[in-house]
There are 2 protein chains.
Amino acid sequence: MNERRRAYHHGDLANALTNAATELARHGGPEAVVLREAARQVGVSATAAYRHFASHGDLIHEVKERCQASLAEYMRAEVDAGSPLPDPGPEAVRRLRALGRGYIRFAVAEPGLFRTAFCQAESPRENSLAMVESPAFTMLSATLDELTGLGLIPRARRPYTEMVAWSSAHGLAALIADGPLAAFPEEEREAAINRTLDATIEAICTGA
Amino acid sequence: MNERRRAYHHGDLANALTNAATELARHGGPEAVVLREAARQVGVSATAAYRHFASHGDLIHEVKERCQASLAEYMRAEVDAGSPLPDPGPEAVRRLRALGRGYIRFAVAEPGLFRTAFCQAESPRENSLAMVESPAFTMLSATLDELTGLGLIPRARRPYTEMVAWSSAHGLAALIADGPLAAFPEEEREAAINRTLDATIEAICTGA
DNA sequence: CCCGTATGTTTACGCCGTCAACTTGGTTTA
DNA sequence: TAAACCAAGTTGACGGCGTAAACATACGGG
């Protein structure tokens, strides 16, 4: 049925719905993800969604995972872009900065998706572990390990350094995506981002 | 009508509704603030709320302001508590740390209210300026000014230092309130908090 | 005292998530 | 190949939500 998939059986409704829902999230955040609207845009009845998703929350969960993946892509892209440090230091330091910059760039470019990536799940347990096992978090940990190996992070201070880095990036990103800093003129916002990135790296790496 | 206020005219419906709505927010965050439920708990018809609030968003806005005020109280309380530094240094450094600790303590103690304090407003403009003019932000700015006066923050680095401090505290608080770190065992969470507070202060104040 | 106005109530509308029952069409099997 | 089955759609209905309109009640000032 390769080509005539659009007749009665859609062929890939689950994906089509998730795409539509993601677009809703992009423009309005998690609260804009309404099942009936996604179904409408795909051209299918609302209840058709229930053949592929157990509930509204399940659909949101799918979108949420995409958003987390998107965030990780932004981080990886910034790492791969390889923009040099102002003060060209160790490669690992550059990478640490790139991870933070990618995180924040995502929040600036896609505030709706960023908010969706961290929206509340119906099951409270679900929120927790998944994130810490994500590729993004793994990249961060690996980079910090590397910096420790290079002697740039004292071994005594290594524990919980993921949290120091994550908190700082997440805080700035959240303040941008959630409102308080959204109205900042671009130039000031960029300055605040750089200042925060600088300060955080300095706090983590001895001398830099 | 001091005492017989409960007959037909309630006497202070606006406040009663805001109280009920705040309680809903405490247990379920902003998405749990449903107008009809608040009215139900006060024992009044749903549409009665419209004599005191223009819309559902208006009610949430009221709750949101209370939550922001609560946050500021937590910060002030922690400052006033005057718990000494591990390494007793300048008073202003202690106060900076207390501000951060109060911010995070609020998120730990009242995740629902914390999330409500930063929930999206219907008017996008509304989110921005109000926060930066809040008493909490003012306390932070004043303390940073003081540290600059003491020579603990180099003048060249003074700009945007509010953002460095705010981002760090807000990030950790948000990660706790929004899920990812909520399931951390208390001991680890406390360690992460202290480590982040230490690192941030070190990043802001030269030597400490 | 009486009337206006502030503050309630009832009713109703459309949108939401979701359930139950029915229909359609591709796949499997006798 | 025909029958039977099952996956994937449909329509219709329900209760809950925010909210508008019309109606009711009680307080307070002329």
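In this structure, B/Ile60 atom CD1 and D/dG18 atom C1' are separated by 11 Å, rounded to whole Å. A straight line from CZ of B/Phe53 to P of C/dT7 spans 12 Å, rounded to a whole angstrom. What separates CD of A/Glu31 from C1' of D/dG18 is a distance of 16 Å, to the nearest Å. Between B/Asp58 atom CG and D/dG18 atom C1' there is a gap of 14 Å when expressed in whole angstrom units. At whole-Å resolution of the value, CG in B/Asp12 and C1' in C/dA6 are 15 Å apart. One interatomic measurement links the two molecules: CG of B/Leu35 to C1' of D/dG16, which rounds to 13 Å at whole-angstrom precision. Atoms OH (B/Tyr50) and P (C/dT11) sit 19 Å apart, rounded to a whole Å. Distance, B/Arg40 CZ to D/dG16 P: 8 Å, rounded to whole Å.
Contact annotation for A/Thr47: base contact, defined as any heavy-atom pair under 4.0 Å involving a base atom.
Taking side-chain N and O atoms only, A/His52 has no distance below 4.0 Å to OP1 or OP2 of D/dA7. One finds no side-chain N or O of B/Arg51 lying less than 4.0 angstrom from the OP1 or OP2 phosphate oxygen of D/dT25. Here B/Arg36 does not reach the OP1 or OP2 of C/dC16: none of its side-chain N or O atoms lies under 4.0 Å away.
The existence of a salt bridge linking A/Arg95 and A/Glu146 is confirmed by a sub-4.0 Å separation between a basic side-chain nitrogen and an acidic carboxylate oxygen. Salt-bridge annotation for B/Arg40 and B/Glu37: present, with a side-chain N of the basic residue lying under 4.0 Å from a carboxylate O of the acidic one. The pair B/Arg66-B/Glu73 fails the salt-bridge criterion, with no side-chain N (NZ, NE, NH1 or NH2) lying under 4.0 Å from an Asp/Glu carboxylate O.
Residue B/Ser45 has its side chain nearest to C/dT9 when only C/dG17, C/dT9, D/dG9 are considered.
Taking the six-membered ring for Trp and thresholds of 30 and 60 degrees, A/Phe114 and A/Phe118 have ring planes inclined between 30 and 60 degrees apart.
Side-chain contact between B/Phe53 and B/Glu62: present, with at least one pair of heavy atoms (C-beta onward) separated by less than 4.5 Å.
Residues B/Ala54 and A/Leu13 both approach DNA chain D. Their nearest nucleotides, taken by heavy-atom distance, put A/Leu13 toward the 5′ side.
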